[in-house]
Structure formats: structure tokens, C-alpha cells
Amino acid sequence: MKENIILQKTLVFSVDISNLAVTLRNKGDSVISKQLLRSATSIGANVHEATAAISRKDFILKMTIASKEARESMYWLNILNASRMIDLDYSHYLKSAEEIVKILTAIIKTSQSKQ
């Protein structure tokens with residue numbers, strides 16, 4: 001069976017962000033860490049749901065939602081990075097999120113062109 005790169009990347013990203021959220025909470029943040037955790041884990045959940053889509057339209061919808069959640073995750077990471085409320089290196093997380101957005105965008109465009 002062929003490896004599903006986007007499923008793998010979103011799972012790793014979810015785990016990484018889950019660990020980051022714990023660190024953020026331990027350093028005093030609760031609001032942004034919760035928002036980030038919700039959006040980041042939603043990416044993989046929607047990608048996973050898309051694998052069981054009942055139609056191409058349903059597949060594209062789930063992947064589009066995943067893409068939006070990835071962009072929201074980037075937003076929260078950028079706030080953390082710019083505000084320096086909690087001084088950590090967020091570049092790894094931002095790079096991962098950007099990579100996921102690029103892959104999802106390609107998947108969505110390819111799926112739309114086949115309609």
C-alpha cells in the first residue's frame with residue numbers, strides 16, 4: 001500500500017503542536033495554546049475524514065477545511081512568534097504548517113481539475 005504523505009505529515013504536526021501546547025500552558029499561556037491545538041489537530045482529522053469521502057466534492061470540501069485549519073494554525077503561530085509572549089523558536093512549526101498548506105493546495109487543485 002502506498003504511503004499517504006499528507007496523513008503522515010498532519011499526524012506528526014498534530015503531535016508536535018500538542019507538545020508545544022503543553023509547553024505554552026506550562027509557561028503561562030492558555031488562550032492561544034488552546035486555539036492553536038484545536039486548529040492544528042483539526043487539520044489531520046479533516047484529512048483523515050477525506051480518505052473516506054463519499055464523493056469527489058466531499059473529498060475537496062474536507063481537504064479545503066483542512067487547508068483553512070492549517071492557515072489558522074499559521075496565524076496563531078505567527079502571533080506567538082511576533083509577540084514573543086513566550087520566547088520560543090516557532091520556525092519549525094511554521095515551516096511544517098506552510099508545507100502542509102502547499103500539499104493540501106496541490107491536492108485540492110488536482111482534485112478540482114478532474115471534475
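If you're wondering where the values come from, they're calculated on a predicted model, not measured in any experiment.
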(message) Suppose clustering is done on Ile, Leu, Val, Met, Phe, Trp and Tyr with side-chain heavy atoms closer than 4.5 Å. Which residues sit in the same group as Leu61?
(response) Ile65
(message) Once side chain to side chain contact (heavy atoms under 4.5 Å, CB included) is applied, do any residues pair with Ser30, and if so which ones, sequence neighbours excluded?
(response) none
(request) Under the salt bridge (Lys or Arg N to Asp or Glu O under 4.0 Å) rule, collect the residues that match up with Asp89, sequence neighbours excluded. (result) none
(message) Starting from Leu24, can I reach Met85 by hopping between I/L/V/M/F/W/Y residues whose side chains sit under 4.5 Å apart?
(response) yes
(message) Quick check for you: to the nearest 0.5 Å, what is the distance between Leu36 atom CG and Trp76 atom CH2?
(response) 9.0 Å
(message) Taking Val15 as the starting point, is it possible to reach Ile43 by hopping between hydrophobic residues whose side chains are less than 4.5 Å apart?
(response) no
(message) How long is the straight-line distance from OG of Ser55 back to NZ of Lys57, given to the nearest 0.5 Å?
(response) 7.5 Å
(message) Enumerate the side-chain hydrogen bond (donor to acceptor under 3.5 Å, both in side chains) contacts for residues 35-52, please, sequence neighbours excluded, ordered by first and then second residue.
(response) Gln35-Arg38, Ser39-Ser73, Ser42-Asn46, Glu49-Lys62
(request) Show which residues join Val12 in its hydrophobic cluster (side-chain heavy-atom contacts under 4.5 Å, direct or indirect), or state none. (result) none
(message) I'd like to know if Tyr75 and Ile86 are part of one continuous hydrophobic network [Ile/Leu/Val/Met/Phe/Trp/Tyr, side-chain heavy atoms within less than 4.5 Å].
(response) yes
(message) To the nearest 0.5 Å, what is the distance between CD1 on Ile6 and CD on Glu3?
(response) 12.0 Å
Would you mind writing out the side-chain donor-acceptor pairs for residues 93-108 within the sub-3.5 Å range, not counting sequence neighbours?
unit_1	atom_1	unit_2	atom_2	d
Ser96	OG	His92	O	3.1
Glu99	OE2	Lys9	NZ	2.5
Thr105	OG1	Val101	O	2.8

(request) Look at the side-chain heavy atoms of Ile, Leu, Val, Met, Phe, Trp and Tyr, link any pair under 4.5 Å apart, and say whether Leu88 and Phe13 land in one connected group. (result) yes
(request) With rounding to the nearest 0.5 Å, note down the distance linking OG in Ser67 to CD1 in Ile60. (result) 12.5 Å
(request) Give the cluster check for Leu80 versus Val22: same hydrophobic cluster or not, with ILVMFWY residues linked at side-chain heavy-atom distances below 4.5 Å. (result) no
(request) If a pair satisfies side-chain hydrogen bond (donor to acceptor under 3.5 Å, both in side chains) and one of its residues is in residues 17-29, list it, with sequence neighbours excluded. (result) Asp29-Ser33
(message) Listing request: all salt bridge (Lys or Arg N to Asp or Glu O under 4.0 Å) pairs with a residue in residues 70-88, at least two apart in sequence or in separate chains.
(response) Arg84-Asp87
